[in-house]
Amino acid sequence: MNTLSSTLHSAWVTLPPSQLTLSSPKCHTRLHRIKASIAVEQQTKVALIRIGTRGSPLALAQAYETRDKLMASHPDLAEEGAIQIVIIKTTGDKILTQPLADIGGKGLFTKEIDEALLNSEIDIAVHSMKDVPTYLPDKTILPCNLPREDVRDAFISLSATSLADLPLGSVIGTASLRRKSQILHRYPSLNVQENFRGNVQTRLRKLSEGVVQATLLALAGLKRLNMTENVTSILSIDDMLPAVAQGAIGIACRSNDDKMAEYIASLNHNETRLAVVCERAFLQTLDGSCRTPIAGYACRNEDGNCLFRGLVASPDGTRVLETSRVGPYAVEDMIEMGKDAGKELLSRAGPNFFSS
């Protein structure tokens, strides 16, 4: 007999047979109590997994993608209410009037989510991997990367078909020094507004209002939001090397939570994970921050090996240093490739390059 049947049974049998009628006041009272008890139970049902995420449309799209994959892979999570999305506002979301480099750099979009994870307010955290600092907080692990989306950047403009077609002095909006430096390196006559902050929808609105003549956005985000109709053209990897881990989603949990680790590890896409590990080894070696234009991309080439390309630049684009590596598509080799590429660029850049 299930819980509800047991409760109903005990409610009825405590009354004398002569009073077992629906018109009985005592019967009505007990039924009301039962209904109230069931309602409270439904309202206070605890989700099996609470997913922490930022509240932007893109962040929510990534959280829902994670939820859907968990539900598809684990029958116990497919029931209604088994997974809950918890929105957490981060420092990067709260302060939109200043450039990212001026408000702290690393961890701007992850710090509060990590704190909620450590405080057991959520069970897993879904991040854009390019926002995740190279050092994870103590007592957390990140055992999963979902399959990577397109890593390229999209050019969006209402008046030109590409960066090359923009008139001299045109204003391009971006919040990324990586994009700014690579744009100015090839097109020094353009004007880059670097505090072009806000979510995808906000940036597209500013573009339509004429605040800028063009902007660059990650193609991965536009695809996840089903907004690719806004893309004017797509920049090749040669024209715009992507940010480290661009297009990759990472899922973290507490290091002592074996159940959550098991859930999310089952979603891991190993080819993506190895590429991200390689790129983050490069970034960690450079100790990059939001003040340093850094780009890095690892992929499997036609021979099945890993091809890594890395770049550092001065913010004004006058100096751009690039390097590449090819090696086995295996974790230890790829970590070493990323580190070695980073050491090379550190050496070539000189001691004052990253502090300028």
Side-chain angles (χ1 to χ4, degrees), residues 53-62 89-113 127-133 149 151-157 163 166 170-187 190-225 227 230-232 234-235 239-248 283 288-296 311-317 320:
T53 177
R54 295 168 59 201
S56 72
L58 177 55
L60 287 171
Q62 294 178 165
K89 201 156 192 175
T90 68
T91 302
D93 298 311
K94 295 171 186 173
I95 305 175
L96 297 174
T97 57
Q98 297 171 257
L100 293 173
D102 293 345
I103 57 174
K106 295 180 181 180
L108 288 171
F109 296 108
T110 60
K111 180 175 178 287
E112 286 81 0
I113 299 175
H127 299 298
S128 292
M129 278 305 301
K130 68 177 183 178
D131 294 335
V132 178
E149 248 299 354
V151 302
R152 294 174 295 173
D153 282 314
F155 173 80
I156 303 175
S157 176
L163 285 167
L166 285 169
S170 294
V171 179
I172 303 173
T174 179
S176 163
L177 286 181
R178 170 190 64 86
R179 290 180 179 129
K180 176 186 176 182
S181 63
Q182 291 186 74
I183 291 170
L184 292 179
H185 183 65
R186 291 180 173 81
Y187 307 101
L190 297 177
N191 180 8
V192 179
Q193 182 191 120
E194 65 182 69
N195 190 31
F196 196 67
R197 301 277 313 283
N199 61 36
V200 171
Q201 289 79 359
T202 299
R203 297 188 203 195
L204 291 177
R205 176 178 53 77
K206 289 179 180 179
L207 175 66
S208 68
E209 292 171 351
V211 176
V212 296
Q213 280 72 62
T215 188
L216 300 185
L217 295 172
L219 183 57
L222 294 168
K223 284 189 172 187
R224 290 187 173 118
L225 289 168
M227 295 178 66
N230 295 283
V231 175
T232 304
I234 299 172
L235 282 72
D239 289 334
M240 181 64 64
L241 199 63
V244 164
Q246 182 157 306
L283 181 64
S289 71
C290 287
R291 292 188 179 277
T292 310
I294 296 173
L311 173 154
V312 295
S314 58
D316 62 4
V320 173

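- One distance of note links CZ of F155 with CG of L216; it measures 7.0 Å at 0.5 Å rounding.
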side-chain contact (heavy atoms from CB on, under 4.5 Å) evaluation trace for K180 with V192: CA-CA 6 Å; K180 176 186 176 182; V192 179; 3.6 Å; yes

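- Of all heavy-atom pairs spanning F196 and A175, the tightest one is O-CB, 3.7 Å.
- Of all heavy-atom pairs spanning K130 and A218, the tightest one is NZ-CB, 4.2 Å.
- Between L222 and V200, the closest side-chain pair of non-hydrogen atoms falls below 4.5 Å.
- A 4.5 Å side-chain heavy-atom check between M227 and L204 finds at least one atom pair inside the cut-off.
- Between N191 and I172, every side-chain heavy-atom pair lies at or beyond the 4.5 Å cut-off.
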Please assess L219 against I234 for the test side-chain contact (heavy atoms from CB on, under 4.5 Å), listing each intermediate value before the final yes or no. CA-CA 8 Å; L219 183 57; I234 299 172; 3.7 Å; yes

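- A 4.5 Å side-chain heavy-atom check between Q62 and R224 finds at least one atom pair inside the cut-off.
- Distance check: I113 CD1 to H127 NE2 gives 5.5 Å after rounding to the nearest 0.5 Å.
- Contact annotation: the side chain of I183 approaches that of L163 to within less than 4.5 Å [non-hydrogen atoms, C-beta and beyond].
- Scanning all heavy atoms of the two residues, the minimum distance from G296 to L241 falls at N-CD2, 4.2 Å.
- Nearest heavy atom pair, residue T110 against residue P133, reads OG1-CD, 3.6 Å.
- In summary, K111 and D131 do not engage in a salt bridge, as defined by a charged side-chain N under 4.0 Å from a carboxylate O.
- For the pair L60 and G55, the tightest heavy-atom approach, listed with the atom from each and the gap, is CD1-O, 3.5 Å.
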Go through R179 and M240 one step at a time and tell me if the side-chain contact (heavy atoms from CB on, under 4.5 Å) criterion holds. CA-CA 7 Å; R179 290 180 179 129; M240 181 64 64; 4.2 Å; yes

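- T174 places a side-chain N or O within donor-acceptor distance of the main-chain N or O of S176, the cut-off being under 3.5 Å.
- Side-chain contact between K206 and V212 is absent, with no heavy-atom pair separated by less than 4.5 Å.
- A 4.5 Å side-chain heavy-atom check between N199 and P57 finds at least one atom pair inside the cut-off.
- Counting all heavy atoms, side chain and backbone alike, S181 lies closest to P293 at OG-CB, 3.3 Å.
- Not a single donor-acceptor pair under 3.5 Å links the side chain of S170 to the backbone N or O of L166.
- No side-chain donor from either of Q182 and D239 sits under 3.5 Å from a side-chain acceptor of the other.
- Side-chain contact between D153 and L217 is absent, with no heavy atoms from C-beta onward closer than 4.5 Å.
- Looking at residues two or more places apart in sequence or on another chain, you find no salt bridge (charged side-chain N to carboxylate O under 4.0 Å, His left out) involving R186.
- Taken from CD in Q246 to OG in S128, the straight-line distance is 9.5 Å, to the nearest 0.5 Å.
- For R203, there are no salt bridge (charged side-chain N to carboxylate O under 4.0 Å, His left out) partners, not counting sequence neighbours.
- No side-chain N or O of S157 forms a donor-acceptor pair with one of Q213 less than 3.5 Å apart.
- Qualifying side-chain hydrogen bond (donor to acceptor under 3.5 Å, both in side chains) partners for D316, counting only residues two or more places apart in sequence or in other chains: S314, T318.
- To the nearest 0.5 Å, atom CD1 of residue I156 and atom CG of residue N230 are 6.0 Å apart.
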